[in-house]
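Numbering of ligands and ligand atoms starts at 1, following listing order. Side chains included, hydrogens not; waters and symmetry mates left out as well; all remaining heavy atoms used.
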Amino acid sequence: MKAVILVGGLGTRLRPLSINTPKSMMPVVNIPFIEYVIRRLSRHNIKHVILAISHLAQPIKNYIGDGSRFGVSITYTIEETALGTAGAVKNTAQYLDDEAFVVLNGDIFTDLDISAMIALHNRRKAKITIALTPVEDPTIYGLIETDDKGRITRFLEKPSWEQVTTNMINAGTYIMEADVLNSIPAQTMFSFEKGVFPPLLQKGEPIYAFPSSCYWMDIGTPEKYHQLNRDLLNAKSNQFNFIKNTHVSIGEDSNIHTAAEITGPAVIGNNCTIGERAKLNGAVVIGSGSTIGDSAIVEDSVIWHNVKIEQGAIVKRSIIADNCRIGAESNIIDAVISDNITVTAGYNIKPGSKIWPDTPVG
Ligand code: GTP
């Protein structure tokens, strides 16, 4: 079976992190997000993967290449203008066979058992099978109702609380028969959620649900992206090999001063330096080539690659993207800082700030 991963969205809600880095290349505990998705497919014996891209294609191609490093073979399709979720899959039709295939929203991290989902799809002789996940507040999502055999009976977009009959939402993984492609117009902006699923349901096609309460997180916003990093460090997913919550992992050629304090859980990449009396508190990721200066404090934060946090600076509950320099004695609290930003020494960023590329700070 082949899989199509949708990685062509603009990621507007993830800005400013997604301006120069495609969502699928964001480092999650120092590994590009897409690598987890591809490795999971490979583990479920899905060895041919089509990446449907529409912008910022080059960083993805440079990293993934032909896929052989991850045990799969990769084909790329590039949309000139974004075609929406279904339009993007239609655009891959020439690479699909006359049999069922998997579609994944490329911004979801999940432990979903794809093999079991495929088995259910075949057993039910479904036209489409949609994975479902429970959420606390279903009113901001699209609800999916099922009968007692798991057959989908209704799609309900962003319901009011009075309309809420279930907390199960579309989890962004689908198995579909090849002829579903016939219901999608070519080179047209088209979405599964609005343009494909409801009309096929109305026609009486067998569309089944595969509910699962396994780990599931979409990285649509900086808050959720940060939470995914925390969750992996706290061993909430079975895809990240952290054994206990205070675990500390240190990459090759990294230098940790004997008087530095690291509570864990923490992952420090390769070629990092952690200075004297520096403190890493709580769930912390430090990207490769980064330096944490003497007496600096980094708490509950995700630091990307080649970041320099100078002496005495304080960084809490923040995300700092590649190649930033955080000046000595500055304060970065509850902030999201995009790549290549320099914060002047002694400057206090207003909590809650999102700093865009090419913005002078300080
Ligand atoms: P926002 O702009 O913040 O809503 O993010 P997004 O553009 O990624 O949209 P959304 O979160 O709804 O997309 C879900 C998944 O589908 C993501 O993995 C997107 O990359 C992907 N996707 C969305 N639209 C397109 C598209 O037009 N083409 C392709 N190839 N993928 C898409």
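Scanning the protein heavy atoms around atom 13 (O) of ligand 1, the nearest turns out to be Asp107 OD2, 4.2 Å.
At least one N or O atom of Gly106, backbone or side chain, sits closer than 3.5 Å to an N or O atom of ligand 1. No N or O atom of Ser54 sits closer than 3.5 Å to an N or O atom of ligand 1. Distances between N or O atoms of Gly8 and those of ligand 1 include at least one value under 3.5 Å. Where the criterion is an N or O separation shorter than 3.5 Å, residue side chain and backbone included, Gly220 fails it with respect to ligand 1. Below 3.5 Å of separation, one finds an N or O of Lys23 facing an N or O of ligand 1.
Interface of Thr12 with ligand 1, defined as ligand atoms under 4.0 Å from a residue heavy atom, comprises 1 (P), 2 (O), 3 (O). Atoms of ligand 1 lying under 4.0 Å from at least one heavy atom of Ala88, given by number and element, are 28 (N), 29 (C), 30 (N). If you number the atoms of ligand 1 from 1 as listed, the ones under 4.0 Å from a heavy atom of Arg13 come out as 1 (P), 3 (O), 4 (O), 5 (O), 11 (O). Proximity to Ala82 (heavy-atom distance under 4.0 Å) selects the following atoms of ligand 1: 27 (O).
In Glu79, the part holding a heavy atom less than 4.0 Å from any atom of ligand 1 is the side chain.
A side-chain donor from one of Asp111 and Ser237 sits under 3.5 Å from a side-chain acceptor of the other.
Remark: Asp97 CG is packed, more than 12 non-hydrogen atoms of other residues, nucleotides or ligands lying under 6.0 Å away.
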